[in-house]
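One structure is given below, encoded as structure tokens.
This is a predicted model, so every value here is computed, not measured. In each ligand, atom 1 is the first atom listed, and ligand 1 is the first ligand listed.
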Amino acid sequence: MKIILDRRSNQPVYLQIRDRISQLIDCGSLPSGARLPSIRGLAEMAQVNKLTIVEAYGVLEADGLVEAKPGAGYFVNPPELRISALASQRLGAVPALRSQFAPIQEVIIPEHGVKTFADVYTAGLQAHQQPGMVNFASGFPQASELDELARITRRAMKSLEPWFGNSFPAGDWELRSQIAQLLLHQGLNLSPEDLMITNGSMDALSLVLQTHIQPGDWVVVESPTFHGFLSQLRQAKARVIGIPMTAEGMNLELLAQYLQSHRPKLIYTISTLHNPTGITTSLAHRQQLFALAEAYDCLILEDNAYEPLNFETTPAPIKALDRSHRVMYVCTFSKSLMPGLRLGYLVATGDQQTAFLERKLLQDFHTSTISQAIVKECLACGYYRHHLKHIRSLYQQKRDHMLNALTQYMPPEISWTVPEGGIFLWLQLPAHCDVQGICKAAAAQQVLPGAGPAFFPDQKGYPALRLSFSLPPEDIEQGIKILAKLLTN
Ligand SMILES: Cc1ncc(COP(=O)(O)O)c(C=O)c1O
């Protein structure tokens with residue numbers, strides 16, 4: 001197989017390879033059942049990094065054109081399988097062909113001085129309090145059963161007696177043991193000493209930046225990514241490198257290039273149920289990302305706020321691969337229990353906790369003992385397990401409701417991701433679309449979508465919307481109908 005690359009093209013090399021192989025399949029030069037060249041062989045022939053071929057083959061697989069057979073290689077799928085992959089993507093049954101979810105993007109290195117997270121956050125909260133508003137923009141979970149929670153809170157308050165004084169900065173030992181136990185099910189084998197209880201994950205993210213990042217340091221993020229963290233980076237005066245997200249996660253070919261050229265201190269990644277796209281990366285992607293961080297001696301901050309809301313089993317976090325204590329893992333009860341509790345945690349192994357404990361103490365002594373006692377009781381009495389089971393199935397129904405509404409009402413040029421959990425999906429709009437204009441027109445009809453540009457380091461990116469599906473079905477139906485009409489005109 002001969003592949004000629006245009007090194008001056010704006011199109012990333014892995015997509016050029018994908019396109020060439022896809023043409024060879026279309027014209028029959030690579031018939032059904034044919035084996036693609038080995039990753040190493042094609043990398044040598046095309047004179048590219050092996051990761052580039054892994055990315056290209058990953059996209060072909062996501063497109064339903066080839067199948068990976070463990071230990072044997074990649075094989076061309078028969079035509080009927082290629083067609084069914086296409087069809088099922090449109091129906092939203094499986095997340096195949098998600099590689100089409102985004103246009104080709106370049107790395108973003110933004111200037112400072114753009115709109116703050118506070119503007120977006122406040123607008124979302126205000127919309128939530130407005131009667132009749134369909135708020136697709138905010139990530140609020142389904143309310144818990146309040147009577148049961150009231151009983152749990154009373155027991156929790158009693159458990160605090162007779163000690164109402166301050167507590168240790170790392171948090172309650174029993175709660176840390178309970179969380180370590182929970183994480184064991186996700187493939188993380190930790191001691192309670194590896195965990196610090198924080199005021200939500202925002203606190204944990206901020207502690208990591210204060211401890212590891214100096215003004216001017218380079219930090220890699222996915223583009224798009226969680227806009228709250230982008231604002232924290234701006235405040236820390238870090239320099240940001242936004243590496244485009246593909247359907248498989250952060251583009252590893254571009255990551256390798258920028259690790260080499262800019263030597264960043266930290267990679268921020270949301271490996272499971274990425275905010276805003278909803279994508280969960282594969283084990284292979286996690287292994288490659290970790291190997292790159294090792295090779296360039298770079299820290300990883302893994303923020304899996306939506307991990308508890310999985311509908312499917314997912315690979316263990318990147319933290320599970322970490323023997324050199326370079327990965328810090330952050331999670332929260334905000335999405336699975338109640339954001340107002342402000343309860344999250346930071347996992348850091350080796351001797352990393354020492355610096356975090358000092359920071360935490362100086363910042364706010366410790367996380368609220370009342371919130372800690374409530375979550376501890378939720379975990380101890382089985383409420384949390386029960387509640388998670390309930391909301392996972394509820395959110396799956398809501399997601400399916402939104403997918404059906406999108407399939408029914410949206411014009412054909414709009415595409416979307418099919419997240420396997422969480423509360424958001426990501427809508428890609430045509431290139432000419434004026435996102436702010438659409439959001440304004442939607443707000444005039446009592447619908448608030450999450451404007452895509454907020455999630456890009458330069459607050460531009462490509463036209464997109466983030467939609468929360470944690471709403472009542474009738475709101476989803478009505479809101480999608482209104483958005484579809486605006487996007488059709
Ligand atoms: C990826 C991600 N990380 C962190 C947070 C902050 O969560 P918390 O409420 O626990 O501070 C959010 C909230 O939206 C998020 O989406």
Side-chain angles (χ1 to χ4, degrees), residues 116-125 127-128 135-142 144 171 175 179 195-209 219 221-233 235 242 245 249-250 266-281 300-310 314 317-319 328-347 360 363-364 367-368 371-372 374-375 384 395 417 419 421-426 450-452 454-457 466-470:
T116 67
F117 178 57
D119 301 331
V120 182
Y121 177 79
T122 314
L125 274 185
H128 212 71
N135 184 5
F136 285 132
S138 302
F140 299 126
Q142 179 80 16
S144 309
L175 176 61
I179 296 173
L195 282 139
M196 177 197 274
I197 308 295
T198 55
N199 279 302
S201 29
M202 284 304 263
D203 183 26
L205 299 175
S206 157
L207 285 167
V208 171
L209 289 188
V219 175
V221 299
E222 285 139 355
S223 174
T225 189
F226 171 46
H227 44 354
F229 188 66
L230 286 174
S231 269
Q232 286 192 342
L233 284 170
Q235 204 163 54
M245 280 289 283
M250 188 187 291
L266 180 75
I267 301 169
Y268 171 71
T269 180
I270 308 170
S271 61
T272 297
L273 299 170
H274 176 259
N275 180 7
T277 64
I279 285 170
T280 293
T281 64
I300 295 177
L301 173 54
E302 187 178 28
D303 172 11
N304 286 4
Y306 301 88
E307 186 121 41
L309 300 181
N310 270 312
T314 50
I318 300 172
K319 180 67 193 161
M328 291 151 285
Y329 176 85
V330 169
C331 195
T332 177
F333 289 91
S334 286
K335 313 298 169 187
S336 52
L337 207 50
M338 196 195 281
L341 282 171
R342 307 305 306 134
L343 207 108
Y345 53 92
L346 166 62
V347 173
K360 178 75 181 161
Q363 191 158 286
D364 57 3
T367 298
S368 152
S371 291
Q372 293 192 62
I374 294 173
V375 174
Y384 183 67
Y395 288 162
T417 53
I423 45 184
F424 298 119
L425 58 75
W426 182 244
F455 300 92
F456 289 94
R466 186 191 72 173
L467 302 183
S468 161
F469 47 80
S470 72

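Taking every heavy atom of A305 and a limit of under 4.0 angstrom, the matching atoms of ligand 1 come to 2 (C), 3 (N). Short contacts between ligand 1 and R342, defined as distances under 4.0 Å to a heavy atom of the residue, involve ligand atoms 8 (P), 9 (O), 11 (O). For ligand 1 and G200, the ligand atoms under 4.0 Å from any heavy atom of the residue are 10 (O), 11 (O). Using a 4.0 Å cut-off to heavy atoms of I270, the atoms of ligand 1 that qualify are 1 (C).
For atom 7 (O) of ligand 1, the closest non-hydrogen atom of the protein is S201 OG, 3.2 Å. In terms of protein heavy-atom proximity, atom 14 (O) of ligand 1 is closest to K335 NZ, 2.8 Å.
A donor-acceptor distance shorter than 3.5 angstrom exists from the side chain of E302 to the backbone of K319, with no hydrogens or angles considered. Side chain of H274 to backbone of P224: a donor-acceptor contact under 3.5 angstrom is found.
Using a 4.0 Å cut-off between charged side-chain N and carboxylate O, R342 and D203 make no salt bridge.
Contacts with ligand 1 closer than 4.0 Å are made by side-chain heavy atoms of Y306 only, the backbone lying farther away. With a 4.0 Å cut-off on non-hydrogen atoms, N199 does not touch ligand 1 at all.
Using cut-offs of 30° and 60° for the angle between ring planes, the F456 and W426 rings count as tilted. Between Y306 and F424, the angle of the ring planes goes over 60°, which puts this pair in the perpendicular group of the 30/60° scheme.
In this comparison of D203, L205, D303, the heavy atom closest to atom 1 (C) of ligand 1 sits on D303. Nearest-heavy-atom check against atom 16 (O) of ligand 1 across L273, N304, T198, N275 picks out N275.
The heavy-atom pair separating T332 from G200 by the smallest distance is OG1-CA, 4.3 Å.
Considering backbone and side-chain N/O atoms, Y268 never comes within less than 3.5 Å of an N/O atom of ligand 1. Checking only distances, F226 never comes within under 3.5 Å of ligand 1, N or O to N or O.
Expressed to the nearest 0.5 Å, how far CD1 of I318 lies from CG of L301 amounts to 10.5 Å.
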Under the side chain to side chain donor-acceptor pair (under 3.5 Å) criterion, do Y329 and E307 qualify, and how do the steps go?
CA-CA 11 Å; Y329 176 85; E307 186 121 41; 2.8 Å; yes

